[in-house]
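Everything on this sheet refers to the single structure shown next.
Any value given below was found using the heavy atoms of this structure, including those in side chains, with hydrogens, waters and symmetry copies removed.
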Amino acid sequence: MNLHEELKIALEAAAEPGRAAPMQAYMRDQFVFLGVAAPQRRLAAKALLAGLQGVGADGLLEHAQLLWQQPEREYQHVALDMLDMHRRQLNIAHLPALLGLARQRAWWDSVDGMAAIVGDVLQAEHRRGGDGHAQMDAALRHENFWLRRIAMLHQLGWRADTDAGWLFDAALALAHEDEFFIRKAIGWALRDYARHAPAEVLAFATEHRQKLSPLSYREALKHQPP
């Protein structure tokens with residue numbers, strides 16, 4: 001029995017069919033679900049995914065692609081769990097493959113999960129003295145707005161590692177867009193950095209208030225003192 005057969009058995013055993021319809025509705029009926037809540041999904045797959053230690057990036061990406069092709073949405077979430085668990089086997093050479101996955105069956109749940117993985121890979125590269133901005137520069141200009149969202153969000157949680165200049169330039173580069181998920185991402189990224197540098201974010205948002213959408217501006221300053 002191979003990994004995917006074992007995952008199928010484990011997830012189907014953990015499924016609560018009554019959950020499937022509400023989960024599908026929450027995702028605006030874009031995907032079908034088995035009905036496995038996130039904690040149960042992680043528990044059901046944990047041991048199987050842990051067995052992939054040392055399989056290598058190519059093996060991980062091959063498994064991820066197979067999981068991405070499954071109709072039930074939980075399988076894409078398992079792929080993200082797997083990539084996150086083994087992210088140290090990934091490096092910036094694998095970003096094109098990760099971004100390619102993100103473009104398939106894209107919605108905020110899979111895109112934001114991939115943004116976190118991409119961010120972890122790039123932060124590790126940054127701490128080694130490397131620079132992954134070229135790939136994020138390209139994503140920021142990509143015609144696919146989900147890739148632009150990943151670029152905007154990839155520094156979430158970086159705190160002192162955040163390249164504030166890049167963050168602020170990216171926010172301005174996307175500020176003209178009407179897309180809700182882009183406007184929300186701008187505000188989210190700024191708000192996250194404000195936890196580390198509140199004065200800098202306040203100054204940026206105040207200076208560029210007329211360029212930022214009301215949503216982006218409001219989200220950026222959501223946790224600032226009145």
### Task
State the CG-CG distance between Leu52 and Leu3, to the nearest 0.5 angstrom.
5.5 Å

### Message
Would the distance check show the side chain of His154 and the main-chain N or O of Ala151 forming a donor-acceptor pair, the cut-off being under 3.5 Å?
### Response
yes

#### Entry: Those residues that, when tested against Glu125, pass salt bridge (Lys or Arg N to Asp or Glu O under 4.0 Å) (two or more places apart)
Arg128

### Between Trp68 and His63, ring centroids under 6.0 Å
no

### Closest heavy-atom pair and its distance - Ile150, Ala102
CD1-CB, 3.6 Å

### Message
Within this structure, what is the CD1-CG distance for the pair Ile117 and Leu83, rounded to the nearest 0.5 Å?
### Response
4.5 Å

### Message
Could you check whether any side-chain heavy atom of His94 comes within less than 4.5 Å of a side-chain heavy atom of Val121, counting everything from C-beta outward?
### Response
no

### Straight-line distance of Asp58 CG to Gln89 CD, nearest 0.5 Å
10.5 Å

### Query
Can you name the nearest heavy-atom pair linking Ala15 to Val36, along with the distance?
CA-CG2, 3.6 Å

### Message
Quick check: do Met23 and Arg19 have side-chain heavy atoms less than 4.5 Å from each other?
### Response
yes

### Query
Are Leu48 and Leu80 linked, directly or through other ILVMFWY residues, by side chains that come within less than 4.5 angstrom of each other?
yes

### Rounded distance (nearest 0.5 Å) linking atom NE2 of His133 with atom CD1 of Ile92
11.5 Å

### Message
With a 4.5 Å cut-off on side-chain heavy-atom distances among I, L, V, M, F, W and Y, is there a chain of contacts connecting Ile186 to Val201?
### Response
yes

### Query
Passes side-chain contact (heavy atoms from CB on, under 4.5 Å), Met82 versus Leu60? Steps please.
CA-CA 8 Å; Met82 176 191 68; Leu60 292 173; 4.0 Å; yes

### Message
Can a donor-acceptor pair be found, under 3.5 Å and without considering hydrogens, that links the side chain of Thr206 to the backbone of Leu202?
### Response
yes

#### Entry: Cluster check Leu67, Phe33: I/L/V/M/F/W/Y, side chain < 4.5 angstrom
yes

### Query
Which pair of non-hydrogen atoms, one from Ala205 and one from Leu212, has the smallest distance, and what is that distance?
CA-CD1, 4.0 Å

### Close side-chain approach of Leu34 and Tyr75, heavy atoms under 4.5 Å
yes

### Contact check, side chains of Leu66 and His4, non-hydrogen atoms, under 4.5 Å
yes

### Message
Does any part of the side chain of Met85, heavy atoms only, come nearer than 4.5 Å to the side chain of Gln53, both counted from C-beta?
### Response
no

### Query
With sequence neighbours excluded, what pairs up with Thr162 under the side chain to side chain contact (heavy atoms under 4.5 Å, CB included) test?
Gln155, Trp158, Leu167, Tyr193

### From CA spacing to verdict: side-chain hydrogen bond (donor to acceptor under 3.5 Å, both in side chains), Gln104, Gln69
CA-CA 9 Å; Gln104 301 174 42; Gln69 292 170 7; 5.9 Å; no

#### Entry: Spacing of CG belonging to Asp120 relative to CG belonging to Asp84, to within rounding of 0.5 Å
6.5 Å

### Message
Donor-acceptor check, side chain of Gln224 to backbone of Pro198, threshold 3.5 angstrom: yes or no?
### Response
yes

#### Entry: CG on Asp163 to CG on Asp169, rounded to 0.5 Å
8.5 Å

### Task
Could you verify whether a donor N or O on one side chain and an acceptor N or O on the other, from Gln24 and Gln30, lie under 3.5 Å apart?
no

### Summary
Nearest heavy-atom contact between Met114 and Leu98 is CE-O, 3.6 Å

### Message
Taking Glu5 first and then Lys8, would you say they form a salt bridge - that is, a charged N and a carboxylate O separated by under 4.0 Å?
### Response
no

### Task
Spell out, yes or no, whether Met136 and Leu140 are grouped together once hydrophobic residues are joined by side-chain heavy atoms under 4.5 Å, including indirect joins.
yes

### Query
Shortest non-hydrogen contact from Leu101 to Gln65?
CD2-OE1, 3.6 Å

### Query
Would a hydrophobic clustering, with Ile, Leu, Val, Met, Phe, Trp and Tyr connected at side-chain separations under 4.5 Å, put Leu147 with Leu61?
yes

### Query
Where the side chain of Gln76 meets the backbone of Gln70, is there a donor-acceptor pair that is under 3.5 Å apart?
yes

### Side-chain ion pair, Glu219 and Lys184, N-O less than 4.0 Å
yes

### Task
Take the angle between the ring planes of Trp146 and Phe181 and call it parallel below 30°, perpendicular above 60°, tilted in between.
tilted

### Task
For Phe168 and Leu190, run side-chain contact (heavy atoms from CB on, under 4.5 Å): C-alpha distance rounded to whole Å, both residues' side-chain angles, the deciding distance at 0.1 Å, then the answer.
CA-CA 8 Å; Phe168 294 150; Leu190 292 172; 3.7 Å; yes

## Note on the structure
Between Ala10 and Ala44, the two heavy atoms sitting closest are CB-O, 3.7 Å

### Query
When you look at Asn144 and Leu99, which way does the side-chain contact (heavy atoms from CB on, under 4.5 Å) test go after all the steps?
CA-CA 11 Å; Asn144 185 297; Leu99 295 175; over 6 Å; no

### Message
Out of the candidates Arg149, Arg183, Arg148, Lys211, only one should pair with Glu177 under the salt bridge (Lys or Arg N to Asp or Glu O under 4.0 Å) rule; please name it.
### Response
Arg148

### Query
Do Asp192 and Arg159 sit within salt-bridge range, that is, some charged N less than 4.0 Å from a carboxylate O?
yes

## Note on the structure
Taken in chain and number order and not counting sequence neighbours, the residues that satisfy side-chain hydrogen bond (donor to acceptor under 3.5 Å, both in side chains) with Asp109 are Arg73, His77

